[in-house]
Number of protein chains: 2
Amino acid sequence: MSRPTIAGVARAAGVSVASVSRVLNGLPATEEMVERVQRAVEELGYVPDARARSLKVGRTFQLTLAVADVGNPVYVTMMRAVEEVVSAAGYRLVVTTTGPDVVDEVALVRGMARGYADGLVISPLRVDEDLIKSIRECEVPVVVAGNVPPKAGVDTVRANSPKGILLAVEHLTAKGRQEIAFVNGPADTVPGTARAKGFAEAMKEFKLRSAGEIEAADFTFAAGREAGKKLFKKSRPGAVICANDLLAVGVMHELAAYGLSVPQDVAVVGMDDSELAEQSFPPLTSVNLGSAERGRRAAELLLARIDDPARSPRRIVVQPSLSVRRSTP
Amino acid sequence: MSRPTIAGVARAAGVSVASVSRVLNGLPATEEMVERVQRAVEELGYVPDARARSLKVGRTFQLTLAVADVGNPVYVTMMRAVEEVVSAAGYRLVVTTTGPDVVDEVALVRGMARGYADGLVISPLRVDEDLIKSIRECEVPVVVAGNVPPKAGVDTVRANSPKGILLAVEHLTAKGRQEIAFVNGPADTVPGTARAKGFAEAMKEFKLRSAGEIEAADFTFAAGREAGKKLFKKSRPGAVICANDLLAVGVMHELAAYGLSVPQDVAVVGMDDSELAEQSFPPLTSVNLGSAERGRRAAELLLARIDDPARSPRRIVVQPSLSVRRSTP
DNA sequence: GTCGCCGTTGTAAACGATTACAAGAACGAT
DNA sequence: ATCGTTCTTGTAATCGTTTACAACGGCGAC
């Protein structure tokens with residue numbers, strides 16, 4: 001016995017399929033009609049088929065959020081924010097992971113044309129011409145949580161990480177730490193380049209000389225440890241700014257291995273202000289790049305564009321703040 | 001200009017829709033036919049509509065993984081494992097979050113009848129009759145990563161947490177810690193009850209008296225801190241076992257607030273052996289409940305059941321091990 | 001040359017919903 | 001009594017695929 005269809009319900013209720021559909025969608029009908037249909041639905045345990053429905057109406061009432069690395073705690077903050085906005089608007093949110101490769105991301109964006117969802121929020125790590133092209137040509141609205149050039153013609157909401165790094169440097173110098181090193185993620189990623197540039201600018205602004213720069217292989221804990229190892233092999237900075245919280249925690253572990261204490265010997269600042277920042281020990285001073293707000297705004301942009309596909313693309317920048325915790329003096 | 005359909009491709013190629021479909025699905029056709037169709041597809045940028053396809057063939061080639069709390073790092077381990085197995089088998093994995101409430105879970109399971117995916121892996125926190133019923137009656141195969149009674153008639157893969165706690169207690173006593181306290185998650189959850197029972201059994205086995213038991217409000221970091229506060233207000237155990245890693249990290253923070261050091265003053269053991277365990281400081285000794293293996297096996301069970309819906313339900317138990325790190329002596 | 005067979009292609013009917021359109025009922029106004 | 005209006009309901013087309021079935025052409029065997 002297979003699932004009942006609308007035709008089965010119609011037969012059971014002794015009415016037409018059109019009437020069943022109308023009742024189900026809350027269109028006007030007599031009390032008796034509503035009654036009969038609902039009884040039949042109840043009796044048969046009928047549940048409408050979303051595939052058939054979306055084929056006909058051209059919408060799925062699902063939205064997709066694509067993240068590069070589920071292990072990065074910054075995404076949980078974002079995911080929560082997106083979920084909240086999206087479900088309040090009556091959409092289901094589904095999360096998929098792309099690999100770290102840009103080709104995976106391109107495949108995902110192209111794949112949206114298959115009609116999996118009505119829209120996409122994507123936070124790409126690496127961006128190239130192919131990806132921009134696929135986003136521009138995407139069949140469904142796309143919002144990029146991150147930085148892509150305006151020519152992509154797409155809604156974006158991004159962080160201001162140079163400004164964030166400036167806040168970190170300002171805080172560290174105010175506390176008397178002048179010898180600041182920087183542990184970045186891969187330079188071929190979008191946040192990687194932005195943060196490298198931000199660090200250089202900030203150091204210039206404060207007339208400081210960098211106490212060492214390391215490019216980690218990844219935005220991960222393990223890569224952070226590696227980077228820390230390399231860094232402390234050649235220098236003893238008074239502070240380290242890290243391009244995200246996972247890297248920062250990795251670096252702190254490495255510091256401990258060297259017998260250095262945080263923040264007395266070395267101050268450490270992370271970025272993202274994710275849940276990990278408060279969970280780490282000592283709790284991590286971290287640049288809040290507004291992940292929650294970025295998630296929220298991205299979701300709102302997506303909904304707005306679904307409502308009006310013709311509106312001109314918005315580019316929102318969310319301002320950072322600094323969450324001071326105990327990893328800095 | 002809307003997306004091209006198979007009819008458009010057929011027209012452009014000067015062949016019938018059936019032929020296009022056949023070429024697209026790799027069914028036998030002449031070289032010339034394949035050639036013409038592929039050119040037309042290329043030219044128009046045709047992408048088949050997954051909704052229409054799945055409506056017709058009755059399969060979506062998507063699988064759903066439902067998790068209760070994306071903030072819990074144990075799920076990232078699991079997600080990675082599931083993703084790997086599932087994508088190797090040619091399925092797309094989509095992740096959705098249920099709330100902590102059982103009604104959300106029931107709604108999700110019922111909702112699967114709408115045809116969102118070909119199968120579901122769910123890891124429910126709380127289980128009641130409604131949920132069991134909905135799982136038993138679910139239109140698509142369901143695998144439960146967790147513990148539901150056999151009468152649910154469903155494939156399950158669960159951890160052996162009592163055994164895991166036994167390992168923890170054994171380890172602690174071997175290191176000379178006899179005064180062991182336990183910080184559990186909510187008792188009305190499935191893991192909560194299992195772990196409470198496991199702790200009691202383990203203490204009995206080792207002829208020890210509990211040095212305090214606290215039920216945290218949630219399986220979260222914040223709840224762990226609260227629980228730690230309560231615990232240390234009334235007792236000074238030599239060791240604390242926590243029902244998951246987030247709770248353990250919360251407890252360690254509270255210990256630090258009391259000026260107690262880990263592991264010298266108090267040893268701490270977590271459960272799940274998630275990525276957080278190695279990221280925490282000191283790195284957390286944690287009971288490995290086999291999340292990765294559970295994820296992998298759950299995915300395999302799901303694929304097997306999709307292949308053969310009639311096979312009798314399997315109930316797999318994954319054995320725990322202990323990952324000793326520096327939070328215990 | 002005719003027949004049968006096989007391989008390739010096309011026609012049309014599904015899948016399960018929504019919805020434009022038409023038909024019928026009810027009712028008041030003339 | 002007739003007509004027009006409005007409200008409710010049913011019939012059938014449609015969304016974009018897949019696929020059963022039929023048609024056709026080519027080819028070898030007799």
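Sequence lines set the chain letters: A, B, ... in the order given, protein chains first and strands last, and positions in each chain run from 1. These numbers were taken from a predicted model, which means no experiment stands behind them.
Here CD1 of A:Ile122 is found 9.5 Å from CG of A:Leu65. Values are rounded to the nearest 0.5 Å. In this structure, CZ in B:Arg314 is found 10.5 Å from CZ in B:Arg297, a value given to the nearest 0.5 Å. For the atom pair CG (B:Asp128) and CD (B:Glu105), the distance works out to 9.0 Å, reported to the nearest 0.5 Å. One distance of note links CG of A:Asp104 with CZ of A:Arg126; it measures 10.5 Å at 0.5 Å rounding. With values rounded to the nearest 0.5 angstrom, B:Asn72 atom CG is found 9.0 Å from B:Ser291 atom OG.
For the side chain to side chain contact (heavy atoms under 4.5 Å, CB included) test, residues two or more places apart in sequence or in another chain that qualify with B:Val17 are B:Ile6, B:Ala7, B:Ala10.
Taking 4.0 Å as the cut-off between side-chain N and carboxylate O, B:Glu84 and B:Arg80 do not count as a salt-bridged pair. Taking 4.0 Å as the cut-off between side-chain N and carboxylate O, B:Glu129 and B:Lys133 do not count as a salt-bridged pair.
Proximity of residues 26-52 of chain A to DNA chain D (heavy atom under 4.0 angstrom from any strand atom) is restricted to A:Ala29, A:Thr30, A:Met33. Listed by residue number, B:Ala18, B:Ser21 are the residues of residues 15-23 of chain B with a heavy-atom contact under 4.0 Å to DNA chain D.
Taking atom NZ of residue A:Lys56 and atom P of nucleotide C:dA17, one finds them 14 Å apart after rounding to whole Å. In this structure, CZ of A:Arg53 is placed 5 Å from P of C:dT18, rounded to the nearest angstrom. Here C:dA17 presents its C1' atom at 8 Å from CG of A:Leu55, a figure rounded to the nearest Å. In this structure, A:Arg11 places its CZ atom 13 Å from C1' of C:dG16, rounding to the nearest Å.
Screening A:Val121, A:Ile135, A:Leu302 for a side-chain contact (heavy atoms from CB on, under 4.5 Å) involving A:Val142 leaves a single residue, A:Ile135. If you run side-chain contact (heavy atoms from CB on, under 4.5 Å) between A:Pro191 and each of A:Val74, A:Leu289, A:Leu125, A:Asn147, only A:Leu125 comes through.
For B:Arg114, the CZ atom counts as densely surrounded, since its 6.0 Å shell holds more than 12 non-hydrogen atoms of other residues, nucleotides or ligands.
Without hydrogens or angle criteria, B:Asp218 side chain to B:Thr220 main chain gives no donor-acceptor distance under 3.5 Å.
Taking 4.0 Å as the cutoff to heavy atoms of chain B, we find the contact window on DNA chain D bounded by D:dG16 to D:dT19.
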Please tabulate, for the side chains in residues 56-64 of chain B, all donor-acceptor contacts under 3.5 angstrom to protein atoms that are two or more places apart in sequence or on a different chain.
residue	atom	partner	partner atom	Å
B:Arg59	NH2	B:Tyr91	OH	2.4
B:Thr60	OG1	B:Gln62	N	3.1
B:Thr60	OG1	B:Asp118	N	3.4
B:Thr60	OG1	B:Asp118	OD1	2.9
B:Gln62	OE1	B:Arg92	NE	3.0
B:Gln62	NE2	B:Tyr116	O	3.4

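Overall bending of the helix from C:dG1-D:dC30 to C:dT30-D:dA1, expressed as the angle between end axes built from five pairs apiece, is 70° (10° steps).
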